[in-house]
Number of protein chains: 2
Amino acid sequence: MHSQVRAHPSSGRGRPAGGSEGKRAAIVLAARRLFLRDGFERVSVDAIAAEAGVSKRTIYNHYGDKERLFLDVIGETYNTMIGAVVALMDKYLTDLPDEAVEDGIIAFSREVAMFAARTPERTAVIRLLMSEAPHFPALLAMEARPRGITASIAERLARLDARGLLDVPEPQDAANHLFALTMGQVNNRSMYGAIELSEDEVTRMATSGARAFLRAYRPR
Amino acid sequence: MHSQVRAHPSSGRGRPAGGSEGKRAAIVLAARRLFLRDGFERVSVDAIAAEAGVSKRTIYNHYGDKERLFLDVIGETYNTMIGAVVALMDKYLTDLPDEAVEDGIIAFSREVAMFAARTPERTAVIRLLMSEAPHFPALLAMEARPRGITASIAERLARLDARGLLDVPEPQDAANHLFALTMGQVNNRSMYGAIELSEDEVTRMATSGARAFLRAYRPR
DNA sequence: GTCTATAAAAAGATAGAC
DNA sequence: GTCTATCTTTTTATAGAC
């Protein structure tokens, strides 16, 4: 059959060997790497133990079973990725000078689209979430999170509306549209990272998407 | 790779339920059902054999190994789904009377978004494609297909532009935008069907997306 | 072509020593 | 807490009869 997961035992060695906490961290790191790369079913607990440089029994002592380890690790990774996207949102779209709103939104869109296309951990964890959610309903508890992303955009758009720089009667809808026209386009076209997109493609998509957004929401 | 019904070696016509061709069809049906529901790794050849009502050995005689059966079945299912979407595109967006273009595009968007949300075979096969593509590079050969969908939209938009009913200088970009604002929104928000969306939610998303599209591409 | 029966390997989880 | 060694079940794939 196709290759089974066999990690190199050496790759996990050399870390602070001492305490229980160090081993736990090594397990999390190894599990994240392997789960994101190969999915739940294709990764064996043996492989995680080898990659982390601990025995399999130690993993079972810490987490009880493979499923719990998976949910723990993926949940944490997902939250980290959502946080990174929200941070990106907060970094841009703030304090745009009146005359640079349109350029600012275009630059923001490019940045966000490029981030979407070039952060393999983000795409991998979302692909994993989508494919495993039917088998681990607990994963669906995280569904509410992405709202935070567009909520963050909506807040900025409402501010731009208040300054009369955009015409955004429904900020939440508009935020969804900006998201769909930039990051959403990248997600769909790349199949969440399964298909590689060139930098040019991403830039063109984001730019044309942002321009369409501006035509729709520019004050008349 | 591609999966067509093989030419029957002995019989001239028909398909006796107990014959080789009948069994092959039963295998395909069972495999599609189980793979779409549970993914590649979670489905055993034993389970497929039981579901199809044939022996495991018969499956191996027909397909050689599990991977080939999977690629065959998923490839055929994916092509079928793409065809259904393109057919939907072709059904709408044609012969819109001058005064009903905007309403027609909104109706089209709702229809397409609802189809996207309510066709579990479509979402399941795309989720499967995304999650398995890294392990089966052959699946990536299908990546070119989705272009057919937006190309179909682009053609209609260009026609509406020629009639002066829309202002669409770049039909392919505009088609991508309409797709992103309707079906794309549904795909992203539902995580390709992993999260259930209410009918109201889908309708609201599609309607607001179509209206944003129209504001961006309405003639001035 | 199709079936029953059976390899051969790998998986998740546990026992018991230290 | 951690390790080595082992149990039990399930998996893919094949042998050989009909």
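Sequence lines set the chain letters: A, B, ... in the order given, protein chains first and strands last, and positions in each chain run from 1. Computed over heavy atoms, backbone and side chain alike; hydrogens, waters and symmetry mates excluded.
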Let's see if you can work this out: which of [options] has an atom nearest to the side-chain heavy atoms of [X]?
X     : options               : answer
B:S55 : C:dG12, D:dT12, C:dT2 : C:dT2
A:Y60 : C:dA13, D:dC3, C:dT2  : C:dA13
A:R57 : C:dA15, C:dT6, C:dT2  : C:dA15
A:H62 : D:dA15, D:dT2, C:dA13 : D:dT2
B:K23 : D:dA13, C:dT2, C:dA13 : C:dT2

Remember a base hit wins even if backbone is also touched, and classify [X] as base, sugar-phosphate or nothing at under 4.0 Å, heavy atoms.
X     : result
B:D46 : base
A:T58 : sugar-phosphate
B:S44 : sugar-phosphate

Separation of [X] atom [atom1] from [N] atom [atom2], in whole Å?
X     : N      : atom1 : atom2 : value
A:E41 : C:dA11 : CD    : C1'   : 10 Å
B:F40 : D:dT11 : CZ    : P     : 13 Å
A:I27 : D:dC3  : CD1   : C1'   : 13 Å
B:R42 : C:dA10 : CZ    : P     : 21 Å
A:L34 : C:dA11 : CG    : P     : 12 Å
B:F70 : D:dT12 : CZ    : C1'   : 16 Å
A:K56 : D:dC3  : NZ    : P     : 13 Å
B:K66 : C:dA9  : NZ    : P     : 19 Å

* Asked: Should A:M191 and B:I126 count as side-chain neighbours, where that means a heavy-atom distance under 4.5 Å?
  ->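 Of all side-chain heavy-atom pairs linking B:I126 with A:M191, at least one is under 4.5 Å.
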
* Closest non-hydrogen atom pair, B:A206 against B:T182 ->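 Taking every non-hydrogen atom into account, O-CG2, 4.3 Å.
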
* Taking all atoms of both residues into account, what is the closest heavy-atom pair of B:T150 and B:A175, and its distance? ->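 In terms of heavy atoms, the two residues are closest at O-CB, 3.3 Å.
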
* Asked: Looking only at atom types and distance, does a side-chain atom of A:R122 sit under 3.5 Å from a main-chain N or O of A:M81, one as donor and one as acceptor?
  ->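 Flag not set: sc A:R122 to bb A:M81 has no pair under 3.5 Å.
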
* **Polar contact flag, side-chain donor to acceptor under 3.5 angstrom, A:T77-A:E121** =>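 Result is no, nothing qualifies.
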
